[in-house]
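Only one structure is covered here, and it is reproduced in the block below.
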Protein chains: 2
Amino acid sequence: MNDIICTVDVVLMTLKDSRLHVALLKRDHAPFAGLPALPGGYIRAAEDGDTQAAAARMLREKTGIDSPYLEQLATFSGRERDPRGWSLSVAYYALVPHELIERAGHPEVTLLPVDKVGELPFDHAHIVAAAVQRVRNKSSYSSLPVYLCGDSFTLPQLQAVYEAILGEPINKVSFRRKMEELDMVEPVAGAMETGKAHRPAQLYRLRECYSRNLSLTDRALNAKG
Amino acid sequence: MNDIICTVDVVLMTLKDSRLHVALLKRDHAPFAGLPALPGGYIRAAEDGDTQAAAARMLREKTGIDSPYLEQLATFSGRERDPRGWSLSVAYYALVPHELIERAGHPEVTLLPVDKVGELPFDHAHIVAAAVQRVRNKSSYSSLPVYLCGDSFTLPQLQAVYEAILGEPINKVSFRRKMEELDMVEPVAGAMETGKAHRPAQLYRLRECYSRNLSLTDRALNAKG
DNA sequence: ACAATAGTGTCTCTTAGACAATATCGA
DNA sequence: TCGATATTGTCTAAGAGACACTATTGT
C-alpha cells in the first residue's frame, strides 16, 4: 500500500585539528556497498518510538555514540535520490567532542573535513552541506559549539572552537562579554589549566540546565554588516 | 514491507484583522472525519516529485492556492500521533495575503487566529505552534512578512504587519532604516496611497529577485536584550 | 486652518571592536 | 627575569531607539 522508503540519516560532526569533520561509514549493503556514507538506515516502526529515536538508535548501533545533542535537520525526499525508488530520509545532526568518538572505538568510523567531503552516495553530500550550514548559522547566536568541547574547557579554547566553526576571528573582549551574557558556562571553582608556560586559564563547564538545551542570544556573535 | 504512513501537512497562514490566522479544513475522511484540521494527505510516490511537490499539490487541491512561499518546517512522527499506526508527516508552512484566500474561493477553508487554535486532530496543534514560532523567529531577521502583503503596500502597512507578527511595536525610524538595509522592497514610481485624510504614502513592491527568496539580516529587527 | 498620518533629521544610549595594561605561570 | 598567554579596563565607532520637526492630504 505504501511504496515509500523511509530512512533516517545522521550527520555526526566533531572538531579535529581545529576543523569541523563529519563521520562517515563504509556501507555494507547495496546500493553503494563499500562506499563511505552517512550512518543511517531504515526506520523500524516496531522498535523506534519516532524518528528521533530511530536516529539515536542508528548512531548508537553504527558508531557506539550516545550524543547529548541530536537535532532534526530536515527531510530529504524524492524519486531520484535512491536507486531503489521513491525515498524519504529524515536527517539529524549531532555534535560531540572528538575524544568521544575515539573512546567509542568503532574503527570503521572515518572522519573527513567537511570541506573535503566531495561526492557521496544518495544526496548525502547535500545533507552534509545543509548540516554544516545549520551549525555555522546556529553557532553564531547560540551555545551550540560547547557540545564540541569536553566536560571542562577554558574560555580561550572555547573561543578557538567558535572561530574554527565560524571561520573567522572573534574579538576576545566581545566573546567574553557574550559568554557572560549567554550565561551558559560557569567557572569550575579552583580548577585551572596548568602545565603551560604562561598564566593558567580558568576552567569552565556547561551549566547543568543547558546540558541538552541551547542558550540563545538575539544578537549574533560577530556582525560584520 | 514498509508499514509507515507517509503524509505531508501544510500550515497555511495569513494576516486578518492584524492577527496571524491559520487555515483549517473539515476532514472528510476518517480518522477525525468532520473535524477541522490542517490541509494534508498521503504522499503519492507516483505523482509527487518530492515532499515539497506533495505539499504544493495538497495546498492546490484543498485550498486552490499556489503559494509563492512554501518552506519545509519539520517532520513529525511516531506511533501515537495517528490512530491508524506509526506515521510520519513532513510539515510545510506557507504565508499568503488574505485576499488570495478569499479569491481562491474555497468556502470550506476556515481561518482561525493562531492563538485560538486549541485542540486539533493528530498533533496538528503542535505543528501549528511550531510554524508560528518559526514565522515569528524568522520575521525578526528577514523579509518573510512581505509574503503576507499584496503586490504593493506602504511602509507603514508593512510595519504594521511586522508588529502584528512579532507582537510588539517597532521603532519607526529603525524599521525604515532596516528596510533600506535589507533592500528587499522598491518604491513604485509615482504610485501613492490616496483617499486618506492625511499625507499620502509611497507604495512599495517586493524586488523581483526576492519574489521567492528571503532577504536576510544578521541583526534582528528589534533587540530588547 | 485643522486633524491626521507620512517621512526625515538628529540626539542619546547601548553595544561591538580596538588597544593596551596588568596578572601569573614555566623556563 | 623573560616569554607567553590569561584576564581586565577603557576608549572609540556603529547601530538602535526616542523625539521632534516638516510635508501633504481630506475635511
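Just so it is clear: chains get the letters A, B, ... in the order the sequence lines come, proteins before strands, and each one is counted from 1. Remember, it's a predicted structure, so these values are computed and weren't measured experimentally.
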* Verify side chain to side chain contact (heavy atoms under 4.5 Å, CB included) between B:Ile101 and B:Thr63, making sure each step is shown before the conclusion. => CA-CA 8 Å; B:Ile101 297 181; B:Thr63 70; over 6 Å; no
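- For the pair B:Arg176 CZ and C:dT5 P, the computed distance is 14 Å after rounding to whole Å.
- For a distance-only test at 3.5 Å, the side chain of B:Arg177 qualifies as a donor-acceptor partner of the base of D:dG17.
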* I would like to know whether A:Tyr147 and A:Ser67 meet side chain to side chain donor-acceptor pair (under 3.5 Å); could you show each step before the answer? => CA-CA 9 Å; A:Tyr147 293 110; A:Ser67 173; over 6 Å; no
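- Closest approach to the A:Gln202 side chain among C:dT8, D:dT7, C:dC25 is made by D:dT7 (side chain taken as heavy atoms from C-beta onward).
- Applying the 4.0 Å criterion to OP1 and OP2 of C:dG7, one finds that B:Arg199 has every side-chain N and O outside that range.
- In the displayed structure, A:His126 atom NE2 is contacted under 6.0 Å by at most 12 heavy atoms of other residues, nucleotides or ligands.
- As a whole-Å value, the separation of B:Asn171 CG from C:dC13 P is 15 Å.
- The distance from atom NZ of B:Lys196 to atom C1' of C:dT5 is 9 Å, rounded to the nearest whole Å.
- Atom-to-atom, CD of B:Glu180 to P of D:dG15 comes out at 13 Å; the value is rounded to the nearest Å.
- Taking the nucleotide of DNA chain C with the nearest heavy atom to each of A:Glu181 and A:His198, the more 5' of the two is matched to A:Glu181.
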* **side chain to side chain contact (heavy atoms under 4.5 Å, CB included) assessment of B:Val132 paired with B:Val11** => CA-CA 9 Å; B:Val132 170; B:Val11 185; over 6 Å; no
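- The CZ-P distance, from A:Phe175 to C:dA18, rounds to 15 Å in whole Å.
- If you find the closest nucleotide of DNA chain D to A:Leu155 and to B:Ala197, the one lying nearer the 5' end belongs to A:Leu155.
- Checked by distance alone, A:Lys172 brings no side-chain donor or acceptor within 3.5 Å of a matching partner on the base of C:dG17.
- B:Met192 has its CE atom 10 Å from the C1' atom of D:dA23, to the nearest Å.
- Listed nucleotides C:dG17, D:dT24, C:dG7 differ in distance to A:Ser174; the shortest reach to its side chain belongs to C:dG17.
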